[in-house]
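Each remark here refers to the structure printed beneath this line.
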2 protein chains.
Amino acid sequence: MTITEVSEKYDVSQDTLRYYERIGLIPRVNRNKSGVRNYTEEDCNWVEFIKCMRSAGLPIEVLIEYVGLFQKGDATIGARRELLTEQRKQLAAKMEDMKKTLERLDYKIEVYEQRVVVKERELKRSED
Amino acid sequence: MTITEVSEKYDVSQDTLRYYERIGLIPRVNRNKSGVRNYTEEDCNWVEFIKCMRSAGLPIEVLIEYVGLFQKGDATIGARRELLTEQRKQLAAKMEDMKKTLERLDYKIEVYEQRVVVKERELKRSED
DNA sequence: ATAAAACTTGGAGTTTACTCTAAGTCAAAC
DNA sequence: GTTTGACTTAGAGTAAACTCCAAGTTTTAT
């Protein structure tokens, strides 16, 4: 696949794809004889995986480390598992915080609903 | 309360507190005769609220708008409720995405666990 | 065959959200 | 009474994560 196709498929700009590759956030993509990137299915999977992890807020630095470990082969399986476990923990904690914020928003919205009703009654009274 | 006290209480730097006020992310804090900020309890509540909403990822722009509406008084109650409702929706959607990412991490970790076990067995065999 | 489109690289520029600096004021401690 | 420390402002600087640009291929279409 070309960079255009990958960019469209995963809704990631070409510049971002090149940038991610440059900083090691995805492994290097092979080029054809004239230097043009040819994304394999595995490359695509990396793009999709990184997009997903980034959107959940995993730090770029950590993901670069993960890719680095991956490229070092099977000897790093334990380290990769540990890295993911730590990130999983942090993600779960963040979601807990967000849940509390969500509940707080719900409460605030509820209070506003009531105030809107009060406001409407006031308006109605002033019509009389 | 002084800016130092507020900064310590909510773990937000003094610079950030001034910055938030400057851009209208919290209402203007009153100063004493010599120009020093004196945070009321309401000011503190704003700091805490904004800190919470920001940590959940609500955009600064939107929060500035919310503060602006608040300062316009009761006529904006409906608009404020709508704004919060929209943000609540987006937050819930983001949490849904994060939940999928979390599950994906769980799956990946599980697969890694199995591979670690396989690796250990290999090592054991090579010991014999 | 030549113009237009798509790609390459390295490096500069942008945006967001702070964070720091400089220059100055004011109150309190010694 | 002066120096130390906390505060003020306006504006400059920074880090992260892109995003854009320039100059140069290569491929595609006419």
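Computed from a prediction, not measured in an experiment: that's the story for all the values here.
- Straight-line distance from the CG atom of Asp11(B) to the P atom of dC18(C): 13 Å, rounded to whole Å.
- One interatomic measurement links the two molecules: CD of Gln14(A) to C1' of dT9(C), which rounds to 14 Å at whole-angstrom precision.
- Taking each heavy atom of Arg88(A) and Leu105(B) in turn, the nearest pair found is CA-CD1, 3.9 Å.
- What separates OH of Tyr20(A) from C1' of dA16(D) is a distance of 11 Å, to the nearest Å.
- When the nearest nucleotides of DNA chain C are assigned to Pro59(B) and Asp15(B) by heavy-atom distance, the more 5′-ward of the two goes with Pro59(B).
- Whole-Å rounding puts the Met53(A) CE to dA17(D) P distance at 16 Å.
- When the shell of 6.0 Å around CG of Asp97(B) is examined, it contains more than 12 heavy atoms from other residues, nucleotides or ligands.
- Using a 4.0 Å cut-off, some side-chain N or O of Thr2(A) falls inside it from OP1 or OP2 of dC7(C).
- Atom OH of Tyr39(A) and atom C1' of dC7(C) are 11 Å apart (whole Å).
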Step by step, work out the salt bridge (Lys or Arg N to Asp or Glu O under 4.0 Å) result for Arg37(B) and Asp43(B).
CA-CA 11 Å; Arg37(B) 282 175 184 79; Asp43(B) 292 328; over 6 Å; no
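- Between Val36(A) and Tyr19(A), it is Tyr19(A) whose nearest contact on DNA chain D lies nearer the 5' terminus.
- Side-chain proximity of Arg31(B) to the nucleotides dC18(D), dT9(D), dA17(C) is greatest for dT9(D).
- A salt bridge links Glu48(A) to Arg104(B): one of the charged nitrogens lies within less than 4.0 Å of a carboxylate oxygen.
- A donor N or O paired with an acceptor N or O is not found under 3.5 Å between the base of dG10(C) and the side-chain atoms of Arg18(A).
- Across all strands shown, Arg22(A) has heavy atoms under 4.0 Å from base atoms, whether or not it also approaches the sugar-phosphate.
- With dT27(D), dT19(C), dT8(D) as the choices, the nucleotide that has an atom nearest any side-chain atom of Ser34(A) turns out to be dT27(D).
- Atom C1' of nucleotide dT19(D) and atom CD1 of Ile3(A) are separated by 13 Å, given to the nearest angstrom.
- Between Ile64(A) atom CD1 and dA17(D) atom C1' there is a gap of 11 Å when expressed in whole angstrom units.
- Computed from coordinates, the Glu21(A) CD to dA17(D) P distance equals 18 Å when rounded to whole Å.
- If you run side-chain hydrogen bond (donor to acceptor under 3.5 Å, both in side chains) between Gln90(B) and each of Glu86(B), Gln87(B), Lys94(B), only Glu86(B) comes through.
- Across dT8(C), dT19(D), dA6(D), the shortest atom-to-atom separation from the side chain of Thr4(B) is found for dA6(D).
- At the phosphate of dT8(C), OP1 or OP2 sits under 4.0 Å from a side-chain N or O atom of Arg37(A).
- Heavy atoms of Ile23(A) sit nowhere under 4.0 angstrom from any nucleic acid atom.
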